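This report concerns only the one structure given below.
Proteins get letters first, then strands, A, B, ... in listed order; numbering begins at 1 in each. Keep in mind that this is a model prediction, so the values were computed, not measured.
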Amino acid sequence: MPSQRRRIRPLHDWDVDPAEAAAIQRALAPRVVREDRLGEIRLVAGIDVGFEAAGGVTRAAVAVLSWPGLEPVDQALARRPTTFPYVPGLLSFREIPAVLEAMAALRQWPHLVLCDGQGLAHPRRFGLACHLGLVLDLPAIGVAKSRLVGTHGPLPPRRGAWVPLTEGEEVIGAVVRTRDGVRPLYVSIGHRISLASAVDWVLRCAPRYRLPETTRQAHRLASPPRAPATGSRRRSPAPP
DNA sequence: GCGACAG
DNA sequence: ATCTTGTCGC
């Protein structure tokens with residue numbers, strides 16, 4: 001069985017200031033492929049980033065799950081000092097360097113990546129999912145928990161319902177209900193996938209909870225372990 | 001000048 | 001994102 005080709009393209013410098021970052025986004029945006037260019041999908045990955053030490057340390061996690069079983073197959077975690085501030089619209093420059101480090105530590109290379117953040121639903125049509133998809137040359141989907149830009153009409157309350165997210169006449173994404181009566185997700189093209197397919201994949205990866213299983217796994221890894229309550233006088237649980 | 005603003 | 005306990009609802 002031929003091993004999957006792994007690649008992390010050095011498209012540009014990451015050590016840049018906000019103005020240069022925005023310029024890079026405008027330069028790379030035209031390279032995003034908005035149509036389905038996926039092969040056989042047997043491994044799906046979720047990526048998520050968390051912070052510790054009051055934001056001084058960035059934790060990037062990647063969780064690879066089997067498809068269609070959605071069983072954990074591989075995972076990796078990278079920790080490194082935070083070097084870029086949080087600026088709406090420039091999230092990829094803050095989070096992707098750590099994500100790439102985690103990707104490099106993976107033993108199993110995914111065939112599709114679900115990102116925590118926007119794809120095309122971005123001021124310059126180049127959100128984190130587009131950026132990561134392009135750098136990895138992998139099909140990628142943007143799955144955000146809240147809106148960055150765009151407007152939309154009423155969304156029916158049932159799981160599976162979705163309406164287009166637009167800006168002017170342009171459709172930049174979809175607002176998707178993954179659970180009955182629960183806040184929707186903002187799905188958009190990351191790279192090498194159509195919007196319709198992106199919505200399908202998100203719904204298929206989120207059969208039970210609001211967030212895709214991939215994202216949930218990655219989130220658990222990326223979240224810093226919380227300090228135990230001070231009220232517990234027992235320093236460690238009594239072993240059985 | 002006043003909001004809005006992925007994580 | 002993170003800081004943080006309890007609480008309302010299915």
Which parts of nucleotides 3-10 of chain C does protein reach within less than 4.0 Å, heavy atoms only, written one letter per nucleotide 5' to 3' as B for base, S for sugar-phosphate only and - for none? --------
With the sugar-phosphate defined as primed atoms, P, OP1 and OP2, and the base as all remaining atoms, what B/S/- string results for nucleotides 2-7 of chain B, 5' to 3', for protein heavy atoms under 4.0 Å? --SBBB
Within the supplied structure, the quantity of interest is the number of heavy atoms (other residues, nucleotides, ligands) at a distance under 6.0 Å from Asp15(A) CG; does it exceed 12? no
Arg9(A) atom CZ: more than 12 heavy-atom contacts under 6.0 Å: yes
Between [Y] and [X], is there a salt bridge with N-O shorter than 4.0 Å?
{"X": "Arg107(A)", "Y": "Asp74(A)", "answer": "no"}
{"X": "Arg216(A)", "Y": "Asp48(A)", "answer": "no"}
{"X": "Glu170(A)", "Y": "Arg125(A)", "answer": "yes"}
{"X": "Arg79(A)", "Y": "Glu52(A)", "answer": "yes"}
{"X": "Asp137(A)", "Y": "Arg7(A)", "answer": "yes"}

Parallel, tilted or perpendicular: rings of His131(A) and Phe93(A) (30°, 60°): perpendicular
What dot-bracket string describes DNA chain B from 5' to 3', counting Watson-Crick and G-U wobble pairs whose defining distances are under 3.5 Å, with [ ] for crossing pairs and | for pairs to another strand? .......
I'd like to know if the side chain of Ser197(A) pairs up with that of Asp36(A) as donor and acceptor (distance under 3.5 Å, no hydrogens or angles considered). yes
Stacked cation flag Arg59(A) on Phe51(A), 6.0 angstrom / 45 deg: no
